[in-house]
Novice: 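Quick one: this structure, given as structure tokens, is what I'll be asking you about.
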Amino acid sequence: MEMSEYLQLQERTWYGWQMLPGYGNGYQPYYSPIFVQQVKPLKTGKGLLELKFFNAFYAEGVQGFELRMKVQDRHLEYLIAQLDYPDEHRNAIISTISFDWVREMLPTLWYHRPPAHFDGLASSECQYYLSQAFFGRLRP
């Protein structure tokens, strides 16, 4: 694949976040929509980047994250990264997000706040839907 065929993270865009292991016991994954605020490739040739993002399903009030990660693999719809945590080994899959992703990975959100509850673009476009659901406006 050419570089242009790989997922390129964009600022001010929602993505799906799957982290392994999650926060509970064992190796259950953690799923959340994330809103990428800043992407900074470190240009070391080692696939390192710094990502600043809003983690929608993390505990309210501490949803802002800044993480360094090493991209392990990249595809058209997702990338796999090793997270740089000092005392833990965790990986994340960052993927494009769609209504199907939300419905499959976050059934409680889909049940309680389906796109049909929103007007305009938020009812038909996933990026607008997530901004409306979590920020109360169409574009943060």
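Reckoned from all heavy atoms, side chains included, excluding hydrogens, waters and symmetry mates.
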Novice: State which residues pass side chain to side chain donor-acceptor pair (under 3.5 Å) with R68; sequence neighbours excluded, sorted by chain then number.
Specialist: E50

Novice: When hydrophobic residues are tied together by side-chain contacts of less than 4.5 Å, even through go-betweens, does I97 share a cluster with M105?
Specialist: yes

Novice: Please check if L106 and L130 belong to a single hydrophobic cluster, counting links between Ile, Leu, Val, Met, Phe, Trp and Tyr side chain heavy atoms closer than 4.5 Å.
Specialist: yes

Novice: With F134, which of F35, F57, Y129 fulfils side-chain contact (heavy atoms from CB on, under 4.5 Å)?
Specialist: F57

Novice: If I take atom CG from residue L121 and atom OG from residue S131, how far apart are they, to the nearest 0.5 angstrom?
Specialist: 11.0 Å

Novice: Would you name the heavy atoms of Q18 and P29 that are closest together and state the gap between them?
Specialist: NE2-CB, 3.8 Å

Novice: Could you work out, with side chain to side chain donor-acceptor pair (under 3.5 Å) as the rule, every residue matching E88, not counting sequence neighbours?
Specialist: R90

Novice: Are N55 and Y30 linked by a side-chain donor-acceptor pair shorter than 3.5 Å?
Specialist: yes

Novice: For Y128 and F118, I'd like to know if the aromatic rings sit close, meaning centre-to-centre distance below 6.0 Å.
Specialist: no

Novice: Is there a path of hydrophobic side-chain contacts, each under 4.5 Å between heavy atoms of I, L, V, M, F, W or Y residues, that connects M69 with V36?
Specialist: yes

Novice: Is Y31 linked to L109 within one hydrophobic cluster, defined over Ile, Leu, Val, Met, Phe, Trp and Tyr using a side-chain heavy-atom separation of less than 4.5 Å?
Specialist: yes

Novice: What pairs with E77 under side chain to side chain donor-acceptor pair (under 3.5 Å), at least two apart in sequence or on another chain?
Specialist: T96

Novice: Within the distance-only criterion (no hydrogens, no angle test), does the side chain of S32 pair as donor or acceptor with the backbone N or O of I34 below 3.5 angstrom?
Specialist: no

Novice: Any salt bridge (Lys or Arg N to Asp or Glu O under 4.0 Å) pairs touching residues 91-106, not counting sequence neighbours?
Specialist: D100-R103

Novice: Do side-chain atoms of R113 reach the backbone of A133 as a donor and acceptor pair under 3.5 angstrom?
Specialist: yes

Novice: Using a 6.0 Å cut-off, check whether atom NZ of K52 has over 12 heavy atoms from anything other than its own residue.
Specialist: no

Novice: Considering only heavy atoms from C-beta outward, does the side chain of V102 approach that of P33 to under 4.5 Å?
Specialist: no

Novice: So do L9 and I94 actually touch side chain to side chain, heavy atoms under 4.5 Å?
Specialist: yes

Novice: To the closest 0.5 Å, what do you measure between CD (Q63) and CZ (F53)?
Specialist: 11.0 Å

Novice: Take atom OH in Y23; do more than 12 heavy atoms of anything else shown fall under 6.0 Å from it?
Specialist: yes

Novice: What's the spacing between K70 NZ and N91 CG if we round to 0.5 Å?
Specialist: 12.0 Å

Novice: Locate the shortest heavy-atom distance separating S98 from C126; write the atom from each residue and the value.
Specialist: C-SG, 3.5 Å

Novice: Who pairs with D84 by side chain to side chain donor-acceptor pair (under 3.5 Å), at least two apart in sequence or on another chain?
Specialist: none

Novice: Do Q127 side-chain atoms and W14 backbone N/O form a donor-acceptor pair below 3.5 Å?
Specialist: yes

Novice: Take E11 and Q38 through the side chain to side chain donor-acceptor pair (under 3.5 Å) test and state the conclusion after the steps.
Specialist: CA-CA 5 Å; E11 295 178 359; Q38 186 176 35; 5.1 Å; no

Novice: Tell me if the centroids of the rings in F135 and F54 come within less than 6.0 Å of each other.
Specialist: yes

Novice: List in chain and number order the residues that pass ring pair (Phe, Tyr, Trp, His ring centres under 6.0 Å) with Y15, two or more places apart in sequence or in another chain; answer none if no residue qualifies.
Specialist: none

Novice: Can you name the nearest heavy-atom pair linking S95 to W101, along with the distance?
Specialist: OG-NE1, 3.6 Å

Novice: Under 3.5 Å, is there a donor-acceptor pair between the side chain of K40 and the main chain of L51?
Specialist: no

Novice: Between atom CG of L7 and atom CG of D73, what is the distance when rounded to the nearest 0.5 Å?
Specialist: 11.5 Å

Novice: Are I80 and F65 connected in the hydrophobic side-chain network, where two residues link if heavy atoms are under 4.5 Å apart?
Specialist: no

Novice: Nearest 0.5 Å, what's the CD-CD distance between Q37 and E66?
Specialist: 8.5 Å

